[in-house]
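Note that this is a predicted model, so its numbers are computed, not measured.
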Amino acid sequence: MSAAGGPDGGWRRLDPRTVLVTAAVMAGVAGGAGLPVLLGLAGSMPWWQALGWVLAGALVLVAGGAGADWLRWRRTRYRIGPERAELRTGLVLVKRRSLARERIRTVDLTASPPLRILGLVKVRIGTGEHTGAGESTLELDPVSRAEGERLRRELLAGRSARAPEADRDGVLSTLDPRWIRYAPVSFVAPLLGGAAVGGVMQVSQWFGVQAEVAGWVGERFRDTPLLWAAAVLGALALAAGAVGALGLWVEMWFGYRLEREPGGTLRLRRGLLTSRSLSIEERRLRGVELVEPLGVRLCGAARVDAVATGLVKDDEGRNAAHRTLLPPAPGPVAGDVVARVLREPVPPTSAALVPHPRAARSRRLRWALAAALAPVLLLVALGLSLAPVLLYAAAVCGAVAVPLAVLLALDAYRGLGHALVGDYLVARSGTVRRATVALRRGGVIGWTLKQSWFQRRAGVLTLTATTAAGDGAYPVYDADEQEILDFASRAVPGLLEPFLERRGERGGHGGHGERGGRPGT
């Protein structure tokens with residue numbers, strides 16, 4: 001495959017069945033858009049005439065999409081040479097893009113249902129560099145599955161400098177169907193519940209029966225108190241969202257398998273309808289993050305995300321789903337995966353952490369009470385000036401929001417902590433979304449110190465570790481000022497000292513300070 005010779009200079013075409021895939025997709029789009037159009041036209045002309053217009057439009061749409069994709073296939077070539085991976089495409093304006101093979105970090109395979117039926121995959125080759133207009137990636141859409149697997153093996157072969165360890169290679173984790181019980185307690189369920197309500201209203205509008213649907217719902221709750229009716233409707237929406245979350249979980253994580261291949265590449269495979277194969281080069285790994293959303297944490301579970309450089313983003317420009325190594329799973333399972341991924345005997349994320357001073361608790365209580373009392377005071381003001389009934393709403397809101405805010409603030413304080421565990425800097429924070437990051441100390445390229453006027457009075461500051469991986473910055477919030485400076489000095493010796501010396505010479509505390517940049521990490 002890497003030979004550049006041949007009658008066409010080693011250039012290859014994509015799989016011609018891409019035209020069939022495009023035709024099938026456009027037919028689905030035409031069918032989805034054609035139904036409301038048909039209903040709209042049927043009100044002003046005979047149904048058979050409306051159906052004819054819709055079918056004619058659908059045929060034009062499918063033929064146009066398939067024809068455009070045929071032209072794309074005819075004018076697209078790719079070549080994998082000994083030094084560069086190249087892609088050439090375009091009808092009038094020919095575009096050429098190439099990546100140096102030594103800079104390639106990821107080769108991910110994705111197959112939607114039409115691609116899977118035909119045995120095809122979309123291959124995305126990336127260098128992990130953050131450049132504009134997709135210049136750091138090549139996308140081959142599509143090639144045969146065998147060709148995709150061969151490209152992945154060839155381009156990632158021998159990328160890691162780590163010596164293989166027989167007891168650490170192989171399968172690291174596989175799917176346990178019982179993990180599906182964590183899907184309904186995620187934040188996805190209420191979002192899907194709201195989307196379901198919006199979908200019902202939209203479909204009823206298409207059929208011109210939105211008023212009848214709203215009237216039917218109102219009739220069911222005619223003699224029911226407003227608060228109780230809202231609670232029942234909210235519960236029904238949450239139930240619909242929970243069902244949707246279960247279906248989404250099955251689609252995303254069916255067939256989940258995490259393994260370490262010889263040579264040091266972590267490979268994740270998952271997906272029911274759309275299959276995904278994601279590769280993370282181990283030498284690009286800077287640590288892991290143990291993420292515990294509130295609902296999942298209350299069930300004793302957590303998910304594991306990779307903190308790595310060079311992760312290819314998805315089609316929406318995000319890379320969050322591309323870095324998840326383990327879906328929400330029981331805490332001991334998540335800890336075991338952390339240890340296996342990092343090649344450690346015990347997970348650094350389970351270490352005892354240094355607690356933060358009580359000033360951090362006071363700050364969180366003040367923030368929480370301010371956030372809870374703001375709407376209460378607004379309702380009181382409106383009740384005194386406009387409608388006295390709002391005073392009762394203010395009382396109910398205060399009775400619910402204030403205790404909840406205090407509980408969340410205390411939980412957020414208990415979650416704060418940091419420590420040095422071997423080669424890793426460990427930091428934990430959050431309550432609605434608690435995250436514990438184990439960041440390799442060699443991956444820290446800079447520190448950011450921030451101290452507001454209120455923090456200065458309380459003797460605390462926020463230290464942020466800057467890295468080229470993951471989110472790029474991992475903060476340690478409201479830690480004791482002297483202790484956290486010593487912590488940073490011990491974590492990465494020599495990186496913070498020059499700044500501290502200049503700070504001492506000035507003889508005062510600035511509002512914020514920053515020390516960045518250590519090359520070669």
Which pair of heavy atoms, one from [X] and one from [Y], lies closest together, and at what distance?
X    : Y    : result
L326 : S173 : CD1-OG, 3.6 Å
P184 : A242 : CB-CB, 4.0 Å
L449 : L461 : CD2-CD1, 4.2 Å
L325 : L268 : O-CD1, 4.1 Å
T431 : R297 : O-NH2, 2.6 Å

With a 3.5 Å distance limit and no angle check, can you tell me whether [X] reaches the backbone of [Y] through a side-chain donor-acceptor pair?
X    : Y    : result
E289 : A438 : no
R145 : A111 : no
R222 : G218 : no
T349 : T436 : no
H356 : Y477 : yes
D176 : R178 : yes

All salt bridge (Lys or Arg N to Asp or Glu O under 4.0 Å) counterparts of R116, not counting sequence neighbours: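 Applying salt bridge (Lys or Arg N to Asp or Glu O under 4.0 Å) to R116 gives none.
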Looking at [X] and [Y], does any basic side-chain N land under 4.0 Å from a carboxylate oxygen?
X    : Y    : answer
R434 : D411 : yes
R363 : D478 : yes
E292 : R303 : no
E149 : R269 : no

One pair to check against side-chain contact (heavy atoms from CB on, under 4.5 Å): L439 and Y424. What are the steps and the verdict? CA-CA 5 Å; L439 181 63; Y424 294 91; 5.9 Å; no
Just wondering, are more than 12 heavy atoms of other shown residues or ligands nearer than 6.0 Å to [atom1] in [X]?
X    : atom1 : value
Y392 : OH    : no
R220 : CZ    : yes
F254 : CZ    : no
W367 : CH2   : yes

Atom pair [atom1]/[atom2] of [X] and [Y] - distance to nearest 0.5 Å:
X    : Y    : atom1 : atom2 : result
W53  : W48  : CH2   : CH2   : 11.5 Å
R428 : R414 : CZ    : CZ    : 11.0 Å
W253 : T324 : CH2   : OG1   : 5.0 Å
L463 : H418 : CG    : NE2   : 8.5 Å
T137 : I125 : OG1   : CD1   : 9.5 Å

Just checking, any donor-acceptor pair under 3.5 angstrom between side chains of [X] and [Y]?
X    : Y    : value
T76  : T89  : yes
T309 : R284 : yes
T110 : R124 : no
T462 : Q455 : yes

Pair up each side-chain donor or acceptor in residues 16-39 with any protein partner under 3.5 Å, not counting sequence neighbours, and list the distances.
from, atom 1, to, atom 2, distance (Å)
R17, NE, D15, OD1, 2.9
R17, NH1, L118, O, 2.7
R17, NH2, D15, OD2, 3.1
T18, OG1, D69, OD2, 2.8
T18, OG1, R72, NH2, 3.1
T22, OG1, T18, O, 3.1
T22, OG1, D69, OD2, 2.9

Any chance you could lay out the side-chain contact (heavy atoms from CB on, under 4.5 Å) test for D480 and I484, step after step, and finish with the verdict? CA-CA 6 Å; D480 179 80; I484 198 62; over 6 Å; no
If the test is side chain to side chain contact (heavy atoms under 4.5 Å, CB included), which one of V426, V307, L290, V476 qualifies with V437?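 That would be V307.
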Run the ring-centre check on W179 versus Y182 and record whether the distance is less than 6.0 Å.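 Ring centres of Y182 and W179 not closer than 6.0 Å.
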Can you label the angle between the W70 ring and the W73 ring as parallel, tilted or perpendicular, going by 30° and 60°?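 Ring orientation of W70 relative to W73: tilted.
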Could you check R433 against L294 for side-chain contact (heavy atoms from CB on, under 4.5 Å), going step by step and ending with a plain yes or no? CA-CA 6 Å; R433 179 192 181 273; L294 182 59; over 6 Å; no
